[in-house]
There are 2 protein chains.
Amino acid sequence: MLVPVDALKGHLDLVLLAALAEGPAHGYALIDEIRDRSDGAFDLAEGTVYPVLYRLESGGLLTSSWTVAGRRRRRMYRLTKRGRTELAKERGEWKQFSETMKAVVA
Amino acid sequence: MLVPVDALKGHLDLVLLAALAEGPAHGYALIDEIRDRSDGAFDLAEGTVYPVLYRLESGGLLTSSWTVAGRRRRRMYRLTKRGRTELAKERGEWKQFSETMKAVVA
DNA sequence: CAAAGATACCTAGAACTTCTAGGTATTGCA
DNA sequence: TGCAATACCTAGAAGTTCTAGGTATCTTTG
């Protein structure tokens, strides 16, 4: 939220898919999860995350459903089979990409 | 040219600065250099590279001058002092970023 | 108990980068 | 001679992320 993460451009899908790999979660919790995993470095704005989740869902990589706790509504997202496949693919691509960057930039 | 490199989004400046680190070069040669260093993976379109070079120059990170070989004109780019500083900074940021990605995505 | 802050969702439009798809001109090679 | 490679350039499209708002509920604190 406070610190935008421009470097993530193009890799945000991967980050969100990875954050969902261990089980369903709702948007706000994903932001926390990613902030924790990155030790505070990836501090995503809600306005960044929600549209990406919709895009991933409309692409068939996620499904969502509303859950209610008291009067509090949450939209839970979970990976589809295709989403899991895509995650594996993007992890591989990231690995490739970061190794290439090392070679190019070093 | 043939294979766009979307993953580079946000890191192209670094790649170009790094390609210029070992000495001046012109745009077309930079594209070759980057393709070689990346073993063919980063195959940039000219229409991608030239505007970035202008942006870097207008930001004071590069200077350029025309050279002529026969009737062939080439615009040679070289890093400025500020460009070199920026390169060091961006290399550090990349390292940080890629380590964070490893933690988040793994 | 009132106010503030955290939780949780959402959206429209701006900003920015990169890509697409052209264009020109010179040089070398078949 | 014609084609590919070299070498530059540009306008506009496309796409992602950010900014800057908005609503509502729940919890903590003064």
Side-chain angles (χ1 to χ4, degrees), chain A residues 1-17 19 24-36 38 41-59 61-62 64-77 90 97 101, chain B residues 1-17 19 24-36 38 41-59 61-62 64-77 90 97 101:
Chain A
M1 182 134 69
L2 297 175
V3 181
V5 190
D6 286 303
L8 273 175
K9 242 168 240 255
H11 306 290
L12 192 48
D13 294 12
L14 169 56
V15 166
L16 287 172
L17 293 173
H26 64 281
Y28 206 82
L30 284 171
I31 291 172
D32 278 351
E33 168 76 9
I34 290 164
R35 187 172 37 230
D36 289 351
S38 69
F42 295 170
D43 199 358
L44 301 169
E46 296 158 53
T48 299
V49 168
Y50 291 115
V52 176
L53 290 172
Y54 307 152
R55 179 164 48 74
L56 293 175
E57 184 172 16
S58 76
L61 306 181
L62 306 179
S64 74
S65 55
W66 285 103
T67 60
V68 182
R71 220 173 296 184
R72 202 57 156 290
R73 70 204 174 119
R74 286 173 173 169
R75 192 195 279 274
M76 297 293 286
Y77 289 92
E90 291 198 17
F97 171 67
M101 278 294 283
Chain B
M1 184 136 67
L2 298 174
V3 182
V5 191
D6 287 302
L8 273 174
K9 241 168 242 251
H11 307 290
L12 193 49
D13 294 13
L14 169 56
V15 166
L16 287 172
L17 293 173
H26 64 282
Y28 206 82
L30 284 171
I31 291 173
D32 278 351
E33 168 76 8
I34 290 165
R35 186 171 37 232
D36 289 351
S38 68
F42 295 170
D43 199 358
L44 301 170
E46 297 159 51
T48 298
V49 169
Y50 291 115
V52 177
L53 290 173
Y54 307 153
R55 179 163 48 77
L56 294 175
E57 182 171 17
S58 77
L61 305 181
L62 307 178
S64 73
S65 54
W66 285 104
T67 60
V68 182
R71 221 174 294 182
R72 203 55 156 290
R73 68 199 178 122
R74 285 174 176 167
R75 192 195 279 274
M76 297 294 285
Y77 289 93
E90 291 197 16
F97 171 67
M101 278 295 283

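Order of the sequence lines fixes the chain letters, A, B, ..., with proteins taken first and strands second; residue numbering starts at 1 for each chain.
- In this structure, the CG atom of B:Asp32 is 12 Å from the P atom of D:dA5, given to the nearest Å.
- Between B:Leu16 atom CG and C:dT18 atom P the separation is 9 Å, expressed in whole Å.
- Distance B:Leu44 CG to C:dT18 C1': 10 Å, rounded to the nearest Å.
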Donor-acceptor pairs are to be reported for all side-chain atoms of residues 47-54 of chain A against protein atoms at under 3.5 Å, with residues two or more places apart or in another chain.
none

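- With values rounded to the nearest 0.5 angstrom, A:Leu16 atom CG is found 11.0 Å from A:Glu33 atom CD.
- Partners of A:Arg72 according to the side chain to side chain donor-acceptor pair (under 3.5 Å) rule, which considers only residues two or more places apart in sequence or in another chain, do not exist here.
- Among residues two or more places apart in sequence or in another chain, the salt bridge (charged side-chain N to carboxylate O under 4.0 Å, His left out) test is passed with A:Glu90 by none.
- Distances shorter than 4.0 Å separate none of the side-chain N or O atoms of B:Tyr28 from OP1 or OP2 on D:dC8.
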Each nucleotide N or O in nucleotides 10-12 of chain C that has a protein N or O under 3.5 Å away: list the pair and distance.
unit_1 : atom_1 : unit_2  : atom_2 : d
C:dC10 : OP1    : A:Arg75 : NE     : 3.2
C:dC10 : OP1    : A:Arg75 : NH2    : 3.2
C:dC10 : OP2    : A:Tyr54 : OH     : 2.6
C:dC10 : O5'    : A:Tyr54 : OH     : 2.9

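- Applying the 4.0 Å criterion to OP1 and OP2 of C:dC16, one finds that B:Arg55 has every side-chain N and O outside that range.
- To the nearest angstrom, C1' of D:dT16 lies 16 Å from CG of B:Leu12.
- Judged as a side chain to side chain donor-acceptor pair (under 3.5 Å), and not counting sequence neighbours, the contacts of B:Asp32 are B:Arg35.
- B:Ser64 is linked by a side chain to side chain donor-acceptor pair (under 3.5 Å) to B:Glu57, B:Arg75, counting only residues two or more places apart in sequence or in another chain.
- Applying the side chain to side chain donor-acceptor pair (under 3.5 Å) criterion to B:Arg73, with sequence neighbours excluded, gives no partner residue.
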Can you check nucleotides 26-30 of chain C for protein contacts, nitrogen or oxygen pairs under 3.5 Å, and list what you find?
unit_1 : atom_1 : unit_2  : atom_2 : d
C:dT26 : O2     : B:Arg72 : NH2    : 3.3
C:dT27 : OP1    : B:Arg71 : N      : 2.9
C:dT27 : O4'    : B:Arg72 : NH1    : 3.3

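- In this structure, the salt bridge (charged side-chain N to carboxylate O under 4.0 Å, His left out) partners of A:Arg55, at least two apart in sequence or on a different chain, are A:Asp13.
- Counting to the nearest Å, the C1' atom of C:dC19 and the CZ atom of B:Phe42 are 16 Å from each other.
- Protein atom CG of B:Asp43 is 15 Å distant from nucleotide atom C1' of C:dT20, rounded to whole Å.
- In this structure, B:His11 places its NE2 atom 17 Å from C1' of C:dC19, rounding to the nearest Å.
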